[in-house]
Protein chains: 2
Amino acid sequence: MLTDQIARTRRFYRAVTAESGALDSSYLGLGRPLGPARVLNAIGQGMEELDQIRNYLRIDSAQLSRYLRGLEDEGLVTTRISGSDSRCRIATLTDAGAEEIRSYERLSDEQASTVLARHPRPKALLDAMDLVAIAFGLDRTRYEIVSPSDPRAQACLNAFYTELSQRFERGFDVAKSCDPDHADMTPPRGAFLLMMLDRLPIGCAGLKGTDHGYAEIKRMWITPAARGMGLTHRLMAEIEDKARALGINTLRLDTNSILTEACAYYRKHGWTEIERFNPDPYPDLFFEKKL
Amino acid sequence: MLTDQIARTRRFYRAVTAESGALDSSYLGLGRPLGPARVLNAIGQGMEELDQIRNYLRIDSAQLSRYLRGLEDEGLVTTRISGSDSRCRIATLTDAGAEEIRSYERLSDEQASTVLARHPRPKALLDAMDLVAIAFGLDRTRYEIVSPSDPRAQACLNAFYTELSQRFERGFDVAKSCDPDHADMTPPRGAFLLMMLDRLPIGCAGLKGTDHGYAEIKRMWITPAARGMGLTHRLMAEIEDKARALGINTLRLDTNSILTEACAYYRKHGWTEIERFNPDPYPDLFFEKKL
DNA sequence: GATAATCGCTGACAATAGTCAGATAAACTG
DNA sequence: CAGTTTATCTGACTATTGTCAGCGATTATC
């Protein structure tokens with residue numbers, strides 16, 4: 001049975017490497033050799049320090065130097081000396097470079113939508129791709145502090161509310177819940193944290209400042225495809241760090257005993273159950289943690 | 001929402017290309033440049049005609065020639081002139097070549113099991129990988145006629161029986177069903193057909209010869225990850241071809257009205273409902289088709 | 001403030017991959 | 001059987017990628 005699982009995994013690898021042959025060559029669709037194209041693309045993804053680019057693309061310093069000079073000659077990239085350490089250099093796209101990146105993006109988008117369009121069950125395929133992408137990308141997650149009204153934050157929140165309304169017997173209506181003021185979840189009073197993989201959010205958590213000597217954790221959510229992989233712990237650790245950085249030393253949160261995984265997590269990780277501290281109708285369990 | 005789907009698809013691509021960088025270099029783990037390694041591997045996969053190899057690897061004729069000569073010099077491959085067309089050549093692995101392939105296989109197996117071992121929900125990951133692999137590999141399906149006792153056939157049949165026992169209200173017990181004699185599903189009386197993707201079966205169908213002027217289609221099954229993509233039709237077309245080749249001109253089958261997708265398919269594709277023609281307790285619908 | 005370490009650059013190669021124009025032999029076509 | 005097509009191979013290049021040693025300039029270390 002294990003050999004069967006290995007065979008399935010290898011079949012997957014074969015399928016995607018066969019498929020992504022087409023993807024790799026789309027880099028080349030721009031009529032540029034792979035090396036410089038990858039560098040241009042890395043810069044377009046926001047990588048600036050040469051060190052970072054070298055590390056990501058795993059190319060030699062001499063190689064990168066030559067690629068960069070080539071891209072500079074073509075007027076796609078400029079480099080300047082870093083302010084903080086004048087040994088280091090920073091690469092930036094010129095307008096022409098940015099335009100070239102955009103055309104690459106368009107091409108990739110087209111390819112992606114072709115893949116989806118060709119499939120009779122795009123939703124199932126997307127879910128499967130999410131699971132795989134998250135499984136493989138766990139080490140590349142990043143955090144971002146955004147406004148609670150950021151569209152990516154809103155997307156997470158909507159998914160969260162939808163899930164609550166399905167899990168709670170009597171449904172869930174945000175309007176009836178204590179929806180935190182945006183100001184309370186914005187620095188310096190609080191924060192709203194997104195966990196990102198590539199450019200998509202896979203989880204969120206809100207830190208709501210109060211005037212009562214503690215802050216609350218609100219709207220803690222991880223996308224279903226990413227559950228069971230210890231991401232909750234990472235996200236909580238990250239938001240606790242943020243809280244400490246804001247000078248907060250007591251955290252509270254409310255939850256519902258229906259959300260068994262969450263409750264188990266809190267009990268196991270230094271949270272202690274306390275008395276109800278707000279009138280919100282949905283929660284029935286309340287926790288506190290000293291930082 | 002569509003842009004979101006595209007972003008998810010592209011995240012998937014990024015994840016697997018980042019991941020399969022490791023995979024690609026495992027080719028190189030053998031200490032051989034990518035080109036010759038790919039050729040060696042293609043031959044190891046059973047590709048023999050140079051034309052076929054060139055086509056699969058998309059490499060130039062001159063290039064392949066040189067790679068082959070290099071592999072010959074190393075004693076990993078021999079080439080001989082094809083019997084049917086002496087312009088063509090056939091490449092075969094030597095023992096040393098086969099051993100090198102095996103060490104590559106071991107490496108790939110190890111990598112695959114590492115990926116699985118690292119994941120907290122290997123079953124979900126495997127299901128997702130299957131779905132993706134099948135979606136991407138649809139054009140590479142092959143058919144194979146095997147004995148019904150072949151382990152791959154047995155794996156399909158067990159999956160089929162398990163599914164039936166879940167879908168039928170009173171469960172399913174093969175022993176109580178009319179389990180066809182293996183001889184009836186073996187040429188020249190009949191056949192057992194596997195639909196393969198890479199080296200794994202994704203579906204099966206049995207053709208059971210009888211002495212009553214017709215043959216029966218039995219044990220028609222497609223793996224869940226591959227459903228909704230028109231594979232039933234392909235598999236049915238293939239087995240009808242096989243039936244014709246065996247000189248069969250009337251097909252019958254039995255099914256249960258619970259299996260709504262299957263019934264809808266039969267009605268739509270030239271099958272006409274007929275009276276019960278066997279005493280099997282599980283089916284309640286009977287079809288016939290003239291070829 | 002001397003010494004060591006780091007960063008990016010250039011030069012000099014070596015290895016690998018891709019391309020094209022014939023050459024040769026075999027097979028197909030009428 | 002002459003002419004054409006096909007499959008493979010060789011030679012001659014070019015393009016691309018990978019590697020190493022060493023050079024200035026700058027920064028870290030003691």
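Chain letters run A, B, ... following the sequence lines, proteins first and then strands; every chain starts at 1.
Applying the side chain to side chain contact (heavy atoms under 4.5 Å, CB included) test between B:Arg89 and each of B:Leu68, B:Ile81, B:Asp51 identifies B:Ile81 as the sole match.
Closest approach of B:Ala96 and B:Gly75 over heavy atoms only: CB-O, 3.8 Å. A:Gly203 approaches A:Leu235 most closely through the heavy-atom pair C-CD2, 4.4 Å. Between B:Arg121 and A:Ala225 the shortest heavy-atom distance is NH1-O, 3.8 Å. When all heavy atoms are compared, the tightest approach of A:Leu57 to A:Arg38 is O-NH2, 3.0 Å.
Within the structure, salt bridge (Lys or Arg N to Asp or Glu O under 4.0 Å) contacts touching residues 189-199 of chain A (residues at least two apart or in different chains) are A:Glu105-A:Arg199, A:Arg140-A:Asp198, A:Asp184-A:Arg189, A:Arg189-A:Asp211, A:Asp198-B:Arg14. Here salt bridge (Lys or Arg N to Asp or Glu O under 4.0 Å) pairs that include residues 60-83 of chain A, with residues two or more places apart or in two chains, are A:Arg32-A:Glu74.
Summary for the helix from C:dG1-D:dC30 to C:dG30-D:dC1: the axes at its two ends, each from 5 pairs, differ by 30° when rounded to the nearest 10 degrees.
Think of the region where chain B sits on DNA chain C: with heavy atoms and a 4.0 Å cut, that region ends 5' and 3' at C:dT16 to C:dA27.
Scored by the side chain to side chain contact (heavy atoms under 4.5 Å, CB included) test, B:Thr78 finds B:Thr92, B:Thr94 as partners (sequence neighbours excluded). Every side-chain hydrogen bond (donor to acceptor under 3.5 Å, both in side chains) that A:Arg11 has, sequence neighbours left out, goes to B:Asp130. Considering only residues two or more places apart in sequence or on other chains, A:His269 meets the side-chain hydrogen bond (donor to acceptor under 3.5 Å, both in side chains) condition with none of them. Residues meeting the side-chain hydrogen bond (donor to acceptor under 3.5 Å, both in side chains) test with B:Asp150, sequence neighbours left out: B:Arg152. Applying the side-chain hydrogen bond (donor to acceptor under 3.5 Å, both in side chains) test to B:Glu240 and every residue at least two apart in sequence or in another chain returns B:Lys289. In this structure A:Arg106 satisfies the salt bridge (charged side-chain N to carboxylate O under 4.0 Å, His left out) test together with A:Glu99, sequence neighbours excluded.
The nearest whole Å value for the distance from the CD1 atom in B:Ile53 to the C1' atom in D:dT8 is 13 Å. One atom, CD1 of B:Ile90, and another, C1' of D:dT8, lie 13 Å apart when rounded to the nearest Å. If you measure from atom CZ of A:Arg89 to atom C1' of D:dT27, you get 17 Å, rounded to the nearest angstrom. Counting to the nearest Å, the C1' atom of D:dT17 and the CZ atom of A:Arg54 are 17 Å from each other.
Looking at residues 57-76 of chain A, you'll see A:Asp60, A:Ala62, A:Gln63, A:Arg66, A:Tyr67 sit with a heavy atom under 4.0 Å from some atom of DNA chain D. Within residues 78-87 of chain B, the residues that place at least one heavy atom under 4.0 Å from DNA chain D are, in residue-number order, B:Arg87.
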